[in-house]
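Numbering starts at 1 and runs along the sequence shown.
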Amino acid sequence: MTHHLTALPDAIPLGRVPRPTTGPDLADRLRAGLQQVTAGAVEGLDRARLEATVDGPDVPVLLVDLTGVTVRTRAPASRTPGVGQVAHREQGALRTASVTAHPVTVAGVPAHLDAVLDGLTFTWLEGTDGALAVALVEPGEETPVSGQARLAVDRDRLVEATRERLAETLAAQGFALSSLEVDLTSHGPTSVGVRADAKVRKGMLTAVARVAATVEVSDDLVLTVRDVEATSRNPLVAALLVAFRSRLEAVEGRRVDLGAALPPGVRVQELRLDVGDELVLTVRLA
């Protein structure tokens, strides 16, 4: 029986068979394949550093350095290149994958990433037309994944990016953003209070709007939003906030089970968000 590779959106094309038998060959093919599937959304992958080792169908080590890569948020939709029908498939083990970036830029904000994952599995896919691709296998009970990750974002750069996006949104409504003050307060390792005071102007009119909320994640990965506020003393600005406030109030108090959205083989043992000059998210998998 044959299967269409185009039904596997996470497949990464690796050129033509035979499979790479050396680390440098695999690294070069992966870089080229990632450029294909992220065309229009990611820039700078040609400069990314990849190193790999190959042991038969397995990849004992894969190191990816994304320093200097830029991820767009408003990118044209790209289509994963199809590789025909699958004539042969074989599972392999990616024993240790390491991803670093110092920094990678996402939505205009530089972020520093250090992540190590152990126990990933993937499938080699060989097409009837001679095409080659790989696809990650979702972790399961029998193939759990362990590891840890640290993501750090400069607080001031994040606020500046927020200011730019908000200014664009207000401009579409005929308002100009005069100033924006954002206060982030840690209420514990997994609870953060957010308050934003924006001064907006329209003609001779100036008004202040405040948006605030507290976001917390429990030890069992249940997310809750509380203490929602979206107000302004100016009736025109208050009217603009009605739709936004209704969205916040709709999620206030609701419990969102983040753990239920994870694959069976991914268990978060520790989750922490530290607020200071940087926002640092640390995750450790069991």
Side-chain angles (χ1 to χ4, degrees), residues 38 40-44 68-78 101 103-113 151-217 223-256 258 273-281:
T38 62
V42 179
E43 296 179 350
V69 170
T70 298
V71 181
R72 296 179 178 178
T73 56
R74 299 176 184 176
S78 61
V104 58
T105 302
V106 181
V109 180
H112 293 266
L113 172 67
L151 179 67
V153 178
D154 183 86
R155 178 173 175 163
D156 291 340
R157 295 294 294 271
L158 180 61
V159 171
E160 180 59 31
T162 302
R163 182 182 292 110
E164 293 174 0
R165 301 297 183 273
L166 181 58
E168 293 175 4
T169 302
L170 289 171
Q173 302 291 332
F175 286 82
L177 179 65
S178 299
S179 65
L180 175 67
E181 295 183 3
V182 178
D183 182 45
L184 301 172
T185 305
S186 176
H187 298 309
T190 56
S191 180
V192 177
V194 182
R195 190 185 70 193
D197 291 318
K199 182 179 291 186
V200 298
R201 187 181 69 256
K202 187 171 188 179
M204 299 297 293
L205 171 70
T206 300
V208 175
R210 169 170 290 183
V211 176
T214 298
V215 181
E216 58 184 18
V217 180
L223 182 146
T224 307
V225 178
R226 56 181 177 81
D227 302 331
V228 167
E229 180 183 359
T231 59
S232 175
R233 294 182 179 179
N234 183 279
L236 290 177
V237 177
L240 285 176
L241 289 172
V242 168
F244 184 70
R245 183 171 60 244
S246 65
R247 295 192 193 103
L248 286 177
E249 291 175 345
V251 300
E252 185 173 18
R254 288 178 53 186
R255 294 167 55 85
V256 180
L258 302 177
L273 179 61
D274 294 304
V275 178
D277 291 338
E278 291 184 320
L279 272 66
V280 181
L281 176 66

CG/Asn234 to CG/Leu205 distance, rounded to the nearest 0.5 angstrom?
4.5 Å

Return the minimal non-hydrogen interatomic distance between Ala212 and Arg195, and the atom names on each side.
CB-CG, 3.9 Å

Quick one: pull up CD in Glu216 and CG in Leu273 and give me the separation to the nearest 0.5 Å.
12.5 Å

Within the supplied structure, the quantity of interest is the number of heavy atoms (other residues, nucleotides, ligands) at a distance under 6.0 Å from Arg254 CZ; does it exceed 12?
no

Looking at Glu160 and Arg163, is any side-chain nitrogen of the basic one under 4.0 Å from a carboxylate oxygen of the acidic one?
yes

Do Arg155 and Val275 come close enough that some side-chain heavy atom pair is under 4.5 Å?
yes

Least distance between heavy atoms, Leu180 atom then Ala198 atom
CD1-CB, 3.8 Å

Indicate yes or no: at least one non-hydrogen side-chain atom of Ser191 is less than 4.5 angstrom from one of Thr214.
yes

Return yes when atom CD of Glu252 has more than 12 non-hydrogen atoms of other residues, nucleotides or ligands closer than 6.0 Å, and no otherwise.
yes

How close do Ser232 and Ala209 get, counting heavy atoms only, and between which atoms?
CB-CA, 4.0 Å

Treating Ser178 as the side-chain partner and Val200 as the backbone partner, does any N or O pair qualify as donor plus acceptor under 3.5 Å?
no

Lys199 and Asp197 ion-paired at < 4.0 Å:
no

With side-chain contact (heavy atoms from CB on, under 4.5 Å) as the test, pick out the partner of Val104 among Leu151, Val42, Val71.
Val71

Which atoms form the tightest heavy-atom contact between Gly174 and Lys202, and what is the distance?
O-CG, 3.4 Å

Quick one: are Leu223 and Val215 in side-chain contact, heavy atoms under 4.5 Å?
yes

Short question: side chain of Glu278, backbone of Ala152 - any donor-acceptor pair under 3.5 Å?
no

Give me the atom names and distance for the closest heavy-atom approach of Gly44 to Val69.
O-CG2, 3.7 Å

When rounded to the nearest 0.5 Å, the distance separating CZ of Arg210 from CD of Glu229 is 6.0 Å

